[in-house]
Every structure is written in structure tokens, then in C-alpha cells.
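Take a look at the structure set out below.
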There are 2 protein chains.
Amino acid sequence: MVSMLKKSKKNGFKKITIKEIAELAGVSRTTVSRVLSGSDFVNKNTRDRVLEIIEEKEYKPSIIAQSLRTNRTRTIGLVLADIENPFYSRVAKGVIDAAEAKNYNVILCNSNNDINLEERDIRTLTERGVDGFLLTTVELKMKTIENLRDKGFPFMLIDCKLDIPGVNYVVNDDYYGAELATEYLINLGHKKIFFLGNRKLLSLRERFRGFKDTLKRYEINNTGNFVPTKFIKTGGIYDIEGIIRYLLSRQENITAIFAGNDYLAVKSIEAINNNGLKVPEDISVIGYDNIKISSMIKVPLTTIRQPKYLLGKLAAEQLLEILENKSDRKARRVILRPELVIRQSCKKISNS
Amino acid sequence: MVSMLKKSKKNGFKKITIKEIAELAGVSRTTVSRVLSGSDFVNKNTRDRVLEIIEEKEYKPSIIAQSLRTNRTRTIGLVLADIENPFYSRVAKGVIDAAEAKNYNVILCNSNNDINLEERDIRTLTERGVDGFLLTTVELKMKTIENLRDKGFPFMLIDCKLDIPGVNYVVNDDYYGAELATEYLINLGHKKIFFLGNRKLLSLRERFRGFKDTLKRYEINNTGNFVPTKFIKTGGIYDIEGIIRYLLSRQENITAIFAGNDYLAVKSIEAINNNGLKVPEDISVIGYDNIKISSMIKVPLTTIRQPKYLLGKLAAEQLLEILENKSDRKARRVILRPELVIRQSCKKISNS
DNA sequence: TAATTTATTGGAATCGATAACAGAAAATTA
DNA sequence: TAATTTTCTGTTATCGATTCCAATAAATTA
């Protein structure tokens with residue numbers, strides 16, 4: 001009778017509360033609380049007795065009640081652009097690992113590359129009371145970000161280099177990565193290179209800048225590198241087949257494609273094959289990201305490797321530091337270096 | 001002065017509370033609460049006035065406080081065996097979509113195929129106060145599950161057919177899928193078929209059963225289908241290269257491999273190639289799962305397609321139904337049908 | 001008109017913790 | 001021994017909502 005736990009609404013059994021522990025130990029709730037937090041001065045005998053009962057009853061303090069009182073939930077939000085994209089799921093793993101290491105939990109939202117869902121997710125997360133969140137965004141609204149910043153809500157951007165005051169991020173150096181890729185193609189003799197990507201997306205915008213500047217540096221005049229908007233569907237997803245057909249039909253003798261990410265690269269290769277051409281014999285393709293399948297497809301993809309796990313891990317760690325140290329207003333901007341991974345999807349051009 | 005929000009510890013600004021809304025509207029907190037819940041009888045004029053102020057102040061009730069009072073968090077937990085495995089990330093998407101549709105949030109844990117982390121995750125989630133959770137498990141401890149069940153904590157298993165009373169699941173019919181795969185190989189003339197998989201994992205155990213039974217049905221005597229334990233590392237991950245070398249060295253003239261999942265299949269093909277043999281010319285390989293890369297690798301993989309998104313979506317929906325309807329003790333067991341996807345990794349045998 | 005019912009509202013307790021403050025006992029110092 | 005400090009503990013208010021119960025006013029019925 002004494003040891004039997006009483007029923008409650010939630011599930012079969014009622015969780016034991018601090019009050020009951022206090023009664024069993026013959027002390028006040030305050031004392032139990034003090035034992036729990038470990039910080040304050042409690043008599044050793046009292047402490048031991050309380051700890052013993054806590055252990056015996058397997059008492060765990062209610063995180064909900066703690067949250068209400070302390071205004072902290074030990075929860076962070078993570079808004080992923082697309083959980084099915086291996087790039088993001090690797091990032092997510094880094095985030096989760098870093099969070100759990102500090103005893104935080106992660107609430108996951110999937111914005112599905114949709115800017116409206118993204119906004120909704122941010123709203124949901126703040127209302128739910130996460131202590132802060134991480135945003136892997138594709139096409140963010142400046143106003144939303146500024147608003148968050150002005151409210152003082154702790155957050156960090158992942159893989160989105162947004163240089164406005166008071167906004168922190170962890171990114172890969174997309175500009176540098178694009179330089180690497182472009183230089184590699186140029187050194188192989190390519191001049192007619194098409195950049196495949198939606199320049200509305202922030203990371204792709206940087207890559208495009210690196211691409212353009214490198215061409216300029218090598219004094220290569222490369223006009224018309226844009227994806228006609230009719231091929232861009234909502235959420236930044238492309239009609240790759242259409243683009244490739246369009247490219248080939250233009251008779252411009254494109255010799256290489258710089259795809260903004262590996263997903264696009266893989267799809268492009270498929271589409272090129274479907275149009276009777278071969279990679280890399282007819283067209284070279286370089287990707288960006290180095291996702292897992294890149295090395296496994298028919299023609300292993302030459303691409304730019306980004307430290308993805310680290311991206312997530314560092315972002316989470318930075319955020320947690322902010323959370324643990326509220327007054328700290330220092331800028332936290334981390335830029336990671338990508339590397340060129342040479343495989344088989346690019347070929348030297350001799351007749352140039 | 002009046003409209004200025006005061007500062008609080010958490011972030012720059014204090015959230016407005018029900019008390020303040022009540023004061024502004026000149027009613028009691030009780031009345032505001034009633035307006036919020038929409039259910040009780042409130043005078044229309046009062047209701048409108050309160051709603052107006054709620055809107056004006058953009059008041060959102062504190063989910064934490066609600067949780068404490070109502071003992072429900074509108075949060076479910078999801079324990080993924082491996083978020084980087086595309087199978088699970090697709091499942092996760094189904095879960096998230098279903099949860100958000102009913103205004104629930106998902107706390108994500110990644111057990112990393114580690115049974116100990118899995119137990120830790122379950123503990124974390126229950127302590128955190130999720131209303132229930134979903135478990136994609138690899139190698140669960142029966143005792144843990146029975147314990148959860150006995151405590152009355154709501155949960156469902158995903159892709160793990162555990163037939164003990166009071167435990168619910170949504171699974172693919174692994175037995176049937178294995179029958180499909182095995183029959184297909186047999187019809188191609190294969191008799192020496194090796195089943196590649198760790199039979200400790202529940203789903204693989206079912207697949208192995210289907211495999212064995214089908215062979216028996218066709219009166220094919222197939223001995224020695226096991227992966228020597230020395231190739232099985234912690235967490236059920238394999239030394240595929242080692243296994244393949246071992247297989248080839250045995251001189252048993254294996255003509256086909258039935259890989260327990262596509263991951264293993266893809267790795268096997270790589271390993272087979274590394275050993276100077278070709279798929280499907282020398283050895284046929286069939287996979288299981290139909291993950292995205294299966295169609296993109298050098299030799300597109302013949303495999304068994306499972307409805308992954310649906311798996312997650314249905315599991316979440318079932319769980320939420322349980323949560324919304326506590327007293328309902330009916331069994332919820334959903335079995336989805338897989339299909340054979342014929343691509344190019346299996347070949348007919350003529351000399352048998 | 002008096003009695004009863006109905007509609008609408010508020011007071012106060014509660015959920016399970018934390019924390020400011022004060023008070024009592026023990027230890028130290030004068 | 002008295003005064004002061006230190007150590008330890010409890011009382012009470014609070015976080016922001018919900019809910020039981022009672023109270024009031026208005027409407028209905030007798």
C-alpha cells in the first residue's frame with residue numbers, strides 16, 4: 001500500500017514528486033531541491049538520507065515543472081530544410097550529438113524547403129518554449145531573422161552566411177569551395193561552364209559568386225549562366241530534365257556543368273545520359289557537398305567536400321554556449337573550409 | 001509604459017501572460033482560459049472582447065504551464081536507429097508530418113544502432129515528459145519493452161514485429177518481402193543463395209525466416225547461411241569486405257546474395273567488385289528497402305520496396321489516436337505490403 | 001410575487017518545482 | 001557567560017496555466 005504508486009491521467013502511474021520525497025525523508029521540499037541541485041549547503045547526513053530515498057524511489061524531478069519555474073527547458077529546436085537530404089541528416093546528427101552531450105534535447109521540424117513552413121516552424125518552436133534554435137534555411141526572409149534578433153531570441157544559422165549585425169552562423173566557406181571547383185575545371189581546359197543552381201538560395205548565391213569571380217580572374221567571359229525561372233519550382237526544386245534539354249538545345253557547346261549541389265549533379269548526370277550524351281566524355285560535371293551517394297553512382301562524382309557533421313556539431317555547441325552564458329553578446333561566426341574531391345565525372349579537354 | 005513588455009531572464013522580452021490579458025479585458029483568468037479552450041459557455045460579448053485583446057497582444061498561452069497543469073505536453077518522442085540511414089529519415093518525415101498535422105511536436109533521438117543508447121533515449125524521453133513515443137529499434141531488450149508496457153506508457157514500434165500482448169506496431173511484412181525476393185532468385189535459377197544479415201535484428205530475423213521457408217518450399221537445401229560473428233561489430237554494423245572475401249574463399253560457388261537491406265547490398269556489390277568479380281554476371285545481388293541510392297549506383301539494385309513514409313505516418317497517427325483516447329486499449333497492429341522492384345543486379349542462371 | 005432554474009463569472013486550489021528570506025541551532029569569538 | 005557568526009533548514013511566494021466550487025444576476029416557472 002505504501003509502495004504502490006497511484007494512478008494519474010497521463011499513463012498508468014503517477015510520477016513521484018518532490019513533496020513525497022520530502023515527506024519520506026522528513027525534510028522540506030526546499031531541502032530536497034537543494035540536494036538535487038547539489039549546489040547549496042546541506043548537512044551531509046541529511047543529504048545522504050535524501051539521496052538514498054531518491055534512489056530508492058527512482059525519483060526524477062519533473063522537467064516541466066522545472067521549466068516553468070526556471071524559464072528554461074533544456075530543449076533546442078532544429079529546423080531542417082529537408083531531413084531526407086543526406087546533407088541535412090548528417091548535420092542533424094552533429095546537432096543531436098552535441099545537444100545530448102550537454103543534456104539538451106532536440107525538437108525537430110522539417111521545413112521541406114518551403115519558406116512558409118520555415119516561418120511556421122520558427123513560430124512553433126518559440127511558442128513551445130525551446131531555449132534557442134538552429135536554422136538550416138534555404139531562402140530566409142530577412143525580416144524574420146531581424147525580428148528574432150531584435151527580440152533577443154537565441155538562435156544560429158547553419159550553412160547560411162548572413163552578415164548582418166547580431167546574427168551568428170556556422171557555415172562552410174562556399175565562396176572558397178566554388179573557387180576550388182571552378183579552378184579545377186578551368187585547369188582541365190573548360191571555358192564554357194554552366195552554373196546550375198537557384199541563386200535565391202543563400203549558400204548557392206555564395207557559390208555562384210565564387211564561380212563568377214574565378215572566371216573573371218582567369219579572364220574567361222562566360223555569359224548567360226542562369227537557370228531560367230520557368231525551371232524553378234516552389235521550394236527551389238528544379239526540373240532538371242528540362243534544364244539539361246534546354247542547355248543542350250542552345251548549341252553553345254557547354255563542356256562542363258558546375259552543379260550547386262550533389263543532388264543536382266546526380267540528377268544532371270542522369271538527364272545528360274537520358275539525352276544520349278556521356279559524362280565525362282561529352283560533358284564534365286562537378287558537384288558540391290560530397291553526399292554519400294556521390295561516390296556510389298555509375299560515374300563517381302567529382303565534388304567539394306564539406307564537413308557536415310562538424311557544421312551541425314559546432315552550431316549546436318555555439319548555441320549552447322550562448323544559452324549557458326546569457327549576457328555574452330560576442331559574435332559567433334564559424335567558417336569551415338571545404339576541399340576538392342577528385343573522382344571521375346570531370347575530364348580534361350584537349351581541343352581547346 | 002503600459003504597452004512596453006518587461007524583460008525576463010530567458011530572452012530579451014517577457015511573454016505576456018493570461019493574467020495580463022485578464023486584467024486588460026477586465027475579467028478573471030478563468031474566463032480567459034475558457035475563451036481559450038473554446039468549450040465552456042462564455043457570454044458572446046465577453047468572448048469577443050477577450051479575443052480582441054488576445055489578438056492585439058499576440059498572446060499565446062505558455063505550453064509549459066499548460067503541460068504542468070494538464071499533464072500533457074503535445075510532444076512525442078522518436079527514437080531513430082540511424083538518422084543518416086535514408087530508410088529512417090524517410091520514416092522520420094512521415095512521423096513529423098503526421099505529428100504536425102495534429103499540432104504535436106517531435107523530439108528526436110538518434111540511438112546510433114546502439115542498444116544502450118536506445119535505452120538511454122527511452123529514459124530521457126519519458127523523463128522529459130513526452131506524451132508517448134515511437135521506437136525504430138534494432139535489437140530491443142524484451143524486458144525494456146515489457147516494462148514500458150506494464151507502466152502503461154504509450155508507445156509504438158516501427159518496423160519491428162514484436163508479437164507480445166499489449167505491444168503495438170506498424171511494420172512492413174518482412175516475411176512476405178523475403179518470400180518475394182527469394183522466389184525471384186529461385187525462378188532465375190539460383191540455388192546457392194547466401195543471406196547476408198545480422199539475425200539479431202528483429203526485422204532481419206523475419207526476412208531470414210521468409211528466406212528459409214521459401215527455400216524449403218522449393219525443396220532447396222541451403223546450408224550454412226549465417227554471418228560468422230567475427231564480422232559483426234557492435235551496433236550490427238558489418239565488415240562487409242571481410243564477409244565477401246570469406247564467402248568467395250569458401251569455394252561454395254555462391255551464385256546469389258540476398259542482402260538483408262540495401263545498405264548491405266550496395267556495400268556488397270562494392271566488395272564483390274573489389275575482389276575482381278562482377279554483379280550480376282558472376283554473382284546476383286538482391287537488396288531490401290529500396291532506398292534512394294539503389295537506383296543510382298553503377299548496377300541499379302533489384303530490391304524490395306517498402307512504404308517508408310507511410311510506415312512513419314501511420315505509426316504516428318496510431319500513437320496520436322492512443323493519446324487522444326486514453327481508455328482505448330485495442331490492439332493497433334498494421335502490416336504493410338512490400339513489393340519487388342526489378343532492376344539490374346540479378347541475372348538468370350543457365351547452367352543449373 | 002416567490003421559488004427555481006439557467007447563464008455567466010470569479011475565487012482559490014493545484015500542477016511540481018525553485019528561490020528569497022528568515023529563523024533556529026550550533027560553533028566560534030569576545 | 002554573552003555576543004556574534006556560521007551552518008542548516010523551513011516558510012512562503014512564484015512560475016502560468018486549468019478546474020472545482022461557489023456566487024451572482026437574469027430568466028423562467030409556479
Side-chain angles (χ1 to χ4, degrees), chain A residues 5-11 13-51 54 57-74 126-129 131, chain B residues 5-11 13-51 54 57-74 126-129 131:
Chain A
L5 299 166
K6 280 169 295 179
K7 285 199 174 196
S8 84
K9 269 170 284 172
K10 177 133 184 182
N11 44 51
F13 293 90
K14 187 180 176 180
K15 266 189 73 171
I16 193 162
T17 72
I18 197 172
K19 195 177 157 205
E20 300 171 71
I21 296 293
E23 281 166 9
L24 287 169
V27 296
S28 73
R29 312 208 287 297
T30 312
T31 303
V32 178
S33 177
R34 277 195 269 256
V35 171
L36 236 47
S37 68
S39 61
D40 268 300
F41 298 71
V42 181
N43 182 284
K44 192 168 178 323
N45 296 329
T46 318
R47 153 170 284 122
D48 288 348
R49 189 155 34 96
V50 172
L51 280 177
I54 284 178
K57 298 293 176 191
E58 293 183 336
Y59 163 71
K60 305 281 175 199
S62 153
I63 298 188
I64 306 291
Q66 284 178 324
S67 299
L68 179 61
R69 185 61 235 241
T70 63
N71 210 22
R72 307 204 38 214
T73 56
R74 294 199 84 79
T126 51
E127 283 170 23
R128 172 152 301 280
D131 293 338
Chain B
L5 298 167
K6 281 168 295 178
K7 284 198 176 197
S8 84
K9 270 168 285 172
K10 176 132 185 180
N11 44 52
F13 293 90
K14 187 178 174 181
K15 268 190 74 171
I16 193 163
T17 70
I18 196 171
K19 194 177 158 206
E20 300 171 72
I21 295 293
E23 279 165 10
L24 287 169
V27 296
S28 72
R29 313 210 287 296
T30 312
T31 302
V32 178
S33 176
R34 277 196 269 257
V35 170
L36 238 45
S37 68
S39 60
D40 268 300
F41 297 71
V42 181
N43 183 284
K44 193 168 177 322
N45 295 329
T46 316
R47 151 168 285 124
D48 288 348
R49 189 154 35 93
V50 172
L51 281 177
I54 285 179
K57 298 292 177 193
E58 292 183 337
Y59 163 71
K60 305 281 175 198
S62 153
I63 298 189
I64 306 290
Q66 283 179 325
S67 298
L68 179 60
R69 186 60 236 243
T70 63
N71 209 20
R72 307 206 37 214
T73 56
R74 295 198 83 79
T126 50
E127 282 169 24
R128 173 154 296 283
D131 293 338

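Every chain is numbered from 1, with letters handed out A, B, ... down the list of sequences.
Residues A:Ile54 and A:Leu36 have side chains in contact (heavy-atom distance under 4.5 Å, counting atoms from C-beta outward).
Nearest heavy atoms, B:Lys15 versus A:Glu127: NZ-O, 4.3 Å.
Residues forming a side chain to side chain contact (heavy atoms under 4.5 Å, CB included) with A:Ile64 (at least two apart in sequence, or on another chain): A:Ser62, B:Ile64, B:Ser67, B:Leu68, B:Thr73. Remark: A:Glu23 pairs with A:Lys19 by the side chain to side chain contact (heavy atoms under 4.5 Å, CB included) rule, at least two apart or across chains. Residues that satisfy the side-chain hydrogen bond (donor to acceptor under 3.5 Å, both in side chains) test with A:Asp48, not counting sequence neighbours, are A:Lys44. A:Arg128 is linked by a side-chain hydrogen bond (donor to acceptor under 3.5 Å, both in side chains) to B:Thr75, B:Asn105, counting only residues two or more places apart in sequence or in another chain. A:Thr31 meets the side-chain hydrogen bond (donor to acceptor under 3.5 Å, both in side chains) test with A:Ser28; sequence neighbours excluded.
The side chain of B:Ser33 places an N or O atom within less than 4.0 Å of a non-bridging phosphate oxygen (OP1 or OP2) of D:dT18. Note on B:Thr70: every side-chain N or O is 4.0 Å or more away from OP1 and OP2 of D:dT18. For A:Gln66 and C:dG16, the shortest distance from a side-chain N or O to OP1 or OP2 is not below 4.0 Å.
Direction of the helix axis in the helix from C:dT1-D:dA30 to C:dA30-D:dT1 shifts by 50° between the two five-pair termini, rounded to 10°.
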Between A:Ile21 and A:Lys57, is a side-chain contact (heavy atoms from CB on, under 4.5 Å) present by the stated rule, with each step listed?
-> CA-CA 8 Å; A:Ile21 296 293; A:Lys57 298 293 176 191; 4.1 Å; yes
Close N/O contacts between protein and nucleotides 9-12 of chain C (under 3.5 Å):
residue, atom, partner, partner atom, Å
C:dT9, OP1, B:Thr46, OG1, 2.4
C:dT9, OP2, B:Asn43, N, 2.9
C:dG10, OP2, B:Ser28, N, 2.9
C:dG10, OP2, B:Ser28, OG, 3.1
C:dG10, OP2, B:Thr31, OG1, 2.6
C:dG10, N7, B:Arg34, NH2, 3.0
C:dG11, O6, B:Thr30, OG1, 3.1

